[in-house]
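To keep things clear, I will list the structure first and then write my remarks on it.
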Amino acid sequence: AQTVTQSQPEMSVQEAETVTLSCTYDTSESDYYLFWYKQPPSRQMILVIRQEAYKQQNATENRFSVNFQKAAKSFSLKISDSQLGDAAMYFCAYRSAKGAQKLVFGQGTRLTINP
Amino acid sequence: GAVVSQHPSRVICKSGTSVKIECRSLDFQATTMFWYRQFPKQSLMLMATSNEGSKATYEQGVEKDKFLINHASLTLSTLTVTSAHPEDSSFYICTATGTVYGYTFGSGTRLTVV
């Protein structure tokens, strides 16, 4: 079974600075998808960014970018120019490209933005 | 974009009673619905996967007789917590597939059993 590990329970960053959240995963599959989700205090899950494993190019969405290292099974999220609204729980998630489309989530990282 | 309406957002029930949580896709057909449970400050744990018109597939360790899932139509899936006990208190989230957006999450239900 696939597992996702986020080794940083909490992170903090100064407003306008850059922060990187770590995620590693374990799988024997070669084709899959990886996601970063944001869960603010409202608890509504919000998709931040998505990466297809077959794509070598790292995904970017405005201030959010990933560093996808397939061989190392690493999928970190970089947030540039951090804003107060970025404060939330961040979850890394894995989905197989085959079979069930279920998402497997990591433990989450609570990000605090210091003004 | 796609929307999944989840109700109720909060519910308090007495121990021994049953509670039904609904997830309704408003503008798309939810071919598959996933039900997750989230304990305070913890991750989302998949409980079951439901497809319209078929029995739900439960994850290992999830009591299928306690957590009844029904996906009778392409727009509605329900989770019923039967004979609820305080240890069932948690945050329950549904998410549906069926659009180009990928996963559409409901807003969650906070269940408190007293």
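Lettering follows sequence order; numbering is per chain, from 1. Note that the structure is predicted; figures quoted are calculated from it, not measured.
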Could you check whether A:Tyr37 and B:Tyr103 have their ring centres less than 6.0 Å apart?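 Centroid distance B:Tyr103-A:Tyr37: not below 6.0 Å, so no.
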
Can you check side-chain contact (heavy atoms from CB on, under 4.5 Å) on A:Thr18 and A:Asp81, steps first, answer last? CA-CA 6 Å; A:Thr18 296; A:Asp81 185 25; over 6 Å; no

If we define contacts as heavy-atom pairs under 4.5 Å, which of B:Met45, B:Arg110, B:Gln38 has the most with chain A?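 The option with the most such pairs is B:Gln38.
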
Can you tell me which portion of B:Gln6 sits under 4.5 Å from chain A's heavy atoms? Options are side chain, backbone, both or neither.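 B:Gln6 has no heavy atom closer than 4.5 Å to chain A.
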
B:Thr32, part contacting chain A, at a heavy-atom distance under 4.5 Å: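 Contact with chain A involves no heavy atom of B:Thr32 at all.
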
Which residues in residues 46-65 of chain B have a heavy atom less than 4.5 Å from any heavy atom of chain A?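 Interface residues of residues 46-65 of chain B: B:Leu46, B:Glu59.
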
Could you tell me which portion of A:Ile46 (side chain, backbone, both or neither) has an atom closer than 4.5 angstrom to a non-hydrogen atom of chain B?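 Contact with chain B: none, neither part.
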
Chain B contact via A:Phe35 - side chain, backbone, both or neither, heavy atoms under 4.5 Å: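 The side chain, not the backbone.
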
What pairs meet the disulfide (SG to SG under 2.5 Å) rule with one or both residues in residues 18-99 of chain B, with sequence neighbours excluded?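 Checked against disulfide (SG to SG under 2.5 Å) - neighbours excluded - the pairs reaching residues 18-99 of chain B are B:Cys23-B:Cys94.
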
Would you compute the distance between atom OG of B:Ser9 and atom CZ of A:Arg43 and round it to the nearest 0.5 angstrom?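 CZ of A:Arg43 is found 12.0 Å from OG of B:Ser9.
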
Taking side chain to side chain donor-acceptor pair (under 3.5 Å) as the test, write out the residues that go with A:Gln51, two or more places apart.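 With sequence neighbours excluded, A:Gln51 shows a side chain to side chain donor-acceptor pair (under 3.5 Å) to no residue whatsoever.
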
Can you give the donor-acceptor pairs under 3.5 Å from side chains of residues 84-94 of chain A to other protein atoms, not counting sequence neighbours?
unit_1	atom_1	unit_2	atom_2	d
A:Asp86	OD1	A:Arg63	NH2	2.9
A:Asp86	OD2	A:Arg63	NH1	2.8
A:Asp86	OD2	A:Arg63	NH2	3.2
A:Asp86	OD2	A:Gln83	N	2.8
A:Tyr90	OH	A:Asp86	O	2.6
A:Tyr94	OH	A:Thr27	OG1	2.7
A:Tyr94	OH	A:Glu29	OE1	2.5

Could you tell me whether a side-chain N or O of A:Gln44 sits under 3.5 Å from a main-chain N or O of B:Phe105, the two making a donor and an acceptor?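 Yes: the side chain of A:Gln44 pairs with the backbone of B:Phe105.
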
Return the orientation label for the B:Tyr92 and B:Phe67 ring planes: parallel under 30°, perpendicular over 60°, tilted otherwise.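 Rings of B:Tyr92 and B:Phe67: tilted, as their planes differ by 30° to 60°.
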
Among A:Gln107, A:Gln39, A:Lys102, which residue has the highest count of heavy-atom pairs closer than 4.5 Å to chain B?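 Winner by heavy-atom pair count: A:Lys102.
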
Please assess A:Glu10 against A:Thr112 for the test side-chain hydrogen bond (donor to acceptor under 3.5 Å, both in side chains), listing each intermediate value before the final yes or no. CA-CA 8 Å; A:Glu10 296 183 353; A:Thr112 301; over 6 Å; no

